[in-house]
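Heads up, the thing below is written out as structure tokens.
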Amino acid sequence: MSRTRMLGDLWLFLRVRKKWWLMPLVIMLVLLSILMVLAHGSALSPFIYRLF
């Protein structure tokens, strides 16, 4: 399953079921995962790990 398809299905679920309260949670999870992927091999790693 491609990522765009999965995001499209998630958007359709949120829109049809009126689960708008889930949107901030989804956004935060996506941002956190992007941050972890980008910081995996960078010089910012020690600073990011201190946050958690």
Side-chain angles (χ1 to χ4, degrees):
M1 181 183 279
S2 70
R3 290 179 191 225
T4 56
R5 169 118 178 151
M6 187 171 70
L7 289 174
D9 286 344
L10 178 63
W11 175 252
L12 184 65
F13 171 79
L14 292 174
R15 193 177 70 190
V16 169
R17 302 264 195 293
K18 306 284 192 258
K19 302 286 185 186
W20 297 115
W21 58 271
L22 283 174
M23 191 55 77
L25 179 66
V26 171
I27 290 171
M28 290 305 295
L29 285 174
V30 168
L31 290 176
L32 182 63
S33 63
I34 290 171
L35 177 67
M36 291 180 77
V37 166
L38 291 178
H40 178 31
S42 73
L44 295 175
S45 297
F47 301 110
I48 293 174
Y49 289 130
R50 285 184 184 172
L51 294 175
F52 304 106

When hydrophobic residues are tied together by side-chain contacts of less than 4.5 Å, even through go-betweens, does Trp20 share a cluster with Val16?
-> no
Can you tell me how far the CG atom of Leu29 sits from the CD1 atom of Ile34, to the nearest 0.5 Å?
-> 11.0 Å
Should Leu25 and Met23 be regarded as members of a common hydrophobic cluster, given that ILVMFWY residues are connected when their side-chain heavy atoms come within less than 4.5 Å of each other, either directly or indirectly?
-> yes
Establish whether Leu10 and Leu12 are linked, either directly or via other cluster members, by ILVMFWY side-chain heavy-atom contacts under 4.5 Å.
-> no
Examine Met28 and Leu32 and state if one hydrophobic cluster contains both, with Ile, Leu, Val, Met, Phe, Trp and Tyr joined whenever side-chain heavy atoms are less than 4.5 Å apart.
-> no
